[in-house]
J.: 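Supplied in structure tokens, the structure appears directly below.
Chain letters run A, B, ... following the sequence lines, proteins first, then strands; residues in each count from 1. Below, each value reflects all heavy atoms present in this structure, side chains not excepted, and no hydrogens, waters or symmetry copies.
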4 protein chains.
Amino acid sequence: MTKNKIKEVACKQLAESGYERATLSSIAKEVGIKTPSIYAFYKNKEDLFMAVYKDLLEDYYFYITNSVQNITDGTVKEKLYQIIKELCHYHLSQPEKTASYTKLAFVLPPTLNDDVRETFSEMEVVLSELLRDIFSKGIEQEVLKNQPVDDLIASFLCLMDGIFLELIYYQEAKFKRRVEQTWSIYWNGICKKLDE
Amino acid sequence: MTKNKIKEVACKQLAESGYERATLSSIAKEVGIKTPSIYAFYKNKEDLFMAVYKDLLEDYYFYITNSVQNITDGTVKEKLYQIIKELCHYHLSQPEKTASYTKLAFVLPPTLNDDVRETFSEMEVVLSELLRDIFSKGIEQEVLKNQPVDDLIASFLCLMDGIFLELIYYQEAKFKRRVEQTWSIYWNGICKKLDE
Amino acid sequence: MTKNKIKEVACKQLAESGYERATLSSIAKEVGIKTPSIYAFYKNKEDLFMAVYKDLLEDYYFYITNSVQNITDGTVKEKLYQIIKELCHYHLSQPEKTASYTKLAFVLPPTLNDDVRETFSEMEVVLSELLRDIFSKGIEQEVLKNQPVDDLIASFLCLMDGIFLELIYYQEAKFKRRVEQTWSIYWNGICKKLDE
Amino acid sequence: MTKNKIKEVACKQLAESGYERATLSSIAKEVGIKTPSIYAFYKNKEDLFMAVYKDLLEDYYFYITNSVQNITDGTVKEKLYQIIKELCHYHLSQPEKTASYTKLAFVLPPTLNDDVRETFSEMEVVLSELLRDIFSKGIEQEVLKNQPVDDLIASFLCLMDGIFLELIYYQEAKFKRRVEQTWSIYWNGICKKLDE
DNA sequence: AATGAATGAGCCTTCATTCAT
DNA sequence: TATGAATGAAGGCTCATTCAT
């Protein structure tokens, strides 16, 4: 379907070149159609990239929530580590989507800004709730130190952000070592040491 | 001096709108000159923004290294915390520079890319060396668990990256709480527990 | 067809004002379109003028070769004289094309230079072959002195060049007298004097 | 003297790139001054290039007339041949001036046009008179066929034009052979055949 | 005599968009 | 659904030129 191919190419070029340089004409050329044909499917350049963005978020959201929900029976540590793992895997396995996402998140045409921010924080809310469950249970089960769940959530989100940023800058090998180290330190920090 | 005013306005508009939307003509208008006058001082749009970028890096570099070197007599913990503090303070006190920096780091015209990446990693090397000193001493003094210094550096850089990213997204109050929490967890993770 | 009209106007303005002064915007104005519309048909200013130039050469080539081939039954003298005549007629009847041609041949944007020179010498090769036939037969039939055919070709091309240059500088009447005289002298020079 | 250096560089760049591309700023750069300094010596770009052109013509004029007057004692044939030789030598020994001259003669900014044409034809008048002397004597001495001197002049000028044009297009070696052949044919045409 | 600063005019080009077909 | 033609708006850039110093 042409409509989807346009969206995919738009996403790819967004990843490579950012919003401004991802020209409708260059997208059209790569799709193999003429520029005005895009307007048969999308009202606007903005419209097209909002669609791209919504897809990106949805895709990411399904991936992460699915991953988390599929490991209902692991320990708290396993679950959290799994989230990090899935975060890394998601971005490493489809770097184009991540690059695309990044461009949209950092440099936006002013008109798109509000819409994007909105879906962006919706996303975070969902993730926060998932984490809240895990952390609450962790404290209940006395696997984690007893501390405000909101803070735990915040610190975990911060960890994810840090990893996300590194993921953009470093090569895969270098990056993976860093993740392991950071995770281990993170875990040793929040867990309740029973046996020490 | 007009040359500097141009650079400042360029930086400001870069922060607000990104490279593509920071038009030479809009910069000129804000400076109060006509567009072609910019070419009396900068060869290019690229040239101008490379100057902006170099300034940004230099400024940041001096700030951080100065901060670190000025606290030679603190404990390891104090030193590291000071770095985080200074990182936050730097970005919070001049959000425009940070925004500018971010735009350049994430969405670049292809030609600038190489130059920027280069100065970027130079920066990291310098910071790494500063950290190496601190961590080495920390291990010597048995304040830190004995672990590979390179890993400690990597994990601290990751912490900084995470904080940096959050700093871009959250309001000051919300952000500060997160930093405290993350730092405390980080520290508890790497410090050697003597008394447990 | 707009594409052709653009080419024609470009040719006309080239004749009048040369490459640099034949502005895309002035061409567009004369065609009755807006400047960017030109880009729907030609990739470039260069591209447009290459098209103009190719047309010019092709047109000239067809005219001359046709003329020569149509007088298969004349004498050698008639044939050569016919070529001169046609040369004059071609340029006199469409001075604009000639002027255009001249501008391109003498003052070129550096990028066009190579392409133009190439098509230019292709042209000469073709004409040389036509002349070779005529001169060879002339010598065979003992109408011409026995002398290297290559030299005869060279001298005739030189004659054509001279006439071409004068044609640009003089008025028609003055010019025509000169041609007659030059031709007569040329012919008396190369023809075999029966009584020698 | 700076004024002269400007003129020389202007001439050189004119030869290389034509009037439009011979920018005041590029001239200034090659001279080693700043662009506005040119205005201390020349009112205008036009003014500068008119000076260049006048120099060019004067230089050429002195060269040719001197050459001709210096061979008062040769035969008519020798004199004419000498003119051709000097024409070739002049252009071959300083191709830059010739190129410059050509650019000005063929593609001119409209304002310069009239002035240039005028000095141009003044030049031709002088040369014509020199030739008139030679041809008249040639006829008197019965070395040349008895024919209208004006026609002889015209035909010789045409020969010179032809050679001039070839000189621009061909390499020196190729060019020299052509000149010899053309000259011989020319001479055999106008000379009185003793045996007729 | 020389120049730093500034500018009006203008050029080539690209882009998103429209509209008739 | 698709496109050829056209365009308004704008962008980066260059150039000749001026003027105060």
Side-chain angles (χ1 to χ4, degrees), chain A residues 1-3 6 19-28 31-49 109, chain B residues 1-3 5-6 19-29 31-49 109, chain C residues 1-3 5-6 19-29 31-49 109, chain D residues 1-3 6 19-28 31-49 109:
Chain A
M1 201 178 149
T2 311
K3 183 166 187 173
I6 292 172
Y19 184 82
E20 315 283 346
R21 306 182 104 81
T23 294
L24 289 193
S25 78
S26 82
I27 292 169
V31 173
I33 57 177
K34 303 297 173 183
T35 313
S37 304
I38 294 177
Y39 287 85
F41 304 98
Y42 301 93
K43 217 187 74 212
N44 251 343
K45 187 182 181 179
E46 250 174 69
D47 192 36
L48 166 58
F49 280 96
Chain B
M1 203 175 147
T2 312
K3 181 166 187 174
K5 192 160 185 201
I6 292 172
Y19 184 83
E20 316 281 346
R21 304 183 105 80
T23 292
L24 288 192
S25 78
S26 84
I27 292 169
K29 184 175 279 175
V31 172
I33 57 176
K34 305 297 172 183
T35 313
S37 302
I38 294 177
Y39 288 86
F41 305 99
Y42 300 94
K43 220 185 71 219
N44 251 345
K45 186 181 182 180
E46 248 176 69
D47 190 36
L48 166 59
F49 280 97
Chain C
M1 203 178 151
T2 311
K3 182 167 186 175
K5 191 160 185 202
I6 292 172
Y19 184 84
E20 317 281 348
R21 307 183 102 81
T23 293
L24 288 192
S25 78
S26 83
I27 291 170
K29 183 174 281 177
V31 172
I33 57 177
K34 305 297 173 185
T35 313
S37 303
I38 294 177
Y39 288 84
F41 305 100
Y42 300 95
K43 219 185 70 217
N44 252 345
K45 187 181 180 181
E46 248 175 70
D47 190 36
L48 166 58
F49 281 96
Chain D
M1 201 176 147
T2 312
K3 183 165 187 175
I6 294 172
Y19 185 82
E20 315 283 346
R21 305 182 106 81
T23 294
L24 288 192
S25 79
S26 82
I27 291 170
V31 172
I33 57 178
K34 304 295 173 184
T35 313
S37 304
I38 295 177
Y39 288 84
F41 303 100
Y42 300 94
K43 218 186 73 212
N44 251 344
K45 187 181 181 182
E46 250 174 69
D47 192 36
L48 166 59
F49 279 97

J.: Which nucleotides of nucleotides 14-21 of chain F have their base under 4.0 Å from a protein heavy atom (B), which only their sugar-phosphate (S), and which neither (-), written as one string 5' to 3'?
T.: BSSBBB--
J.: C:S37 side chain N/O closer than 4.0 Å to the phosphate oxygens (OP1, OP2) of F:dT7?
T.: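 Yes, C:S37 has a side-chain N/O under 4.0 Å of OP1/OP2 on F:dT7.
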J.: Taking atom P of F:dT1 as reference, at what distance in whole Å does atom CD1 of A:I33 sit?
T.: 12 Å
J.: Rounded to whole angstroms, how far apart are CE on A:M1 and C1' on F:dT1?
T.: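 Rounded to whole Å, this separation is 12 Å.
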J.: Do B:V31 and B:I38 come within less than 4.5 Å of each other through their side chains, counting heavy atoms only?
T.: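 No, their side chains stay 4.5 Å or more apart.
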J.: At what distance, to the nearest 0.5 angstrom, does NZ of B:K34 lie from OG of B:S25?
T.: 11.0 Å
J.: Return the CG to CG distance between B:L48 and B:N44, rounded to the nearest 0.5 Å.
T.: 9.5 Å
J.: Take atom CG of B:D47 and atom P of F:dG12, then tell me their distance rounded to the nearest Å.
T.: 14 Å
J.: For B:S26, enumerate each residue passing the side chain to side chain donor-acceptor pair (under 3.5 Å) test, keeping only those at least two apart in sequence or located in another chain.
T.: B:Q13
J.: Using whole Å, what does the distance between atom C1' of nucleotide E:dA5 and atom NZ of B:K5 come to?
T.: 15 Å
J.: Compute the angle between the rotation axes at the two ends of the helix from E:dA2-F:dT21 to E:dT21-F:dA2, each taken over five pairs, rounded to 10 degrees.
T.: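 Between the axes fitted at each end of the helix from E:dA2-F:dT21 to E:dT21-F:dA2 lies an angle of 10°.
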J.: If I take atom CD1 in residue B:I38 and atom C1' in nucleotide F:dG11, what distance separates them, rounded to the nearest angstrom?
T.: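 Interatomic distance, CD1 of B:I38 to C1' of F:dG11: 12 Å.
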J.: Can you confirm if the NZ or CZ of C:K5 lies within 45° of the ring axis of C:F41 and under 6.0 Å from the centre of its six-membered ring?
T.: no
J.: Could you tell me whether the side chain of A:E20 reaches within less than 4.5 Å of the side chain of B:Y19, counting heavy atoms only?
T.: no
J.: To the nearest 0.5 Å, what is the distance between NZ (A:K45) and CG (A:D47)?
T.: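 Answer for the NZ-CG pair, A:K45 versus A:D47, is 13.0 Å.
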J.: Between E:dC15 atom P and A:L48 atom CG, what is the distance in whole Å?
T.: 15 Å
J.: Nearest-Å distance, NZ (C:K34) to P (F:dG8)?
T.: 5 Å
J.: D:Y42 has an atom OH; how far is it from atom C1' of E:dA1, in whole Å?
T.: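 Whole-Å distance recorded here is 14 Å.
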J.: What's the spacing between C:I6 CD1 and C:I33 CD1 if we round to 0.5 Å?
T.: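 Here the rounded value is 4.0 Å.
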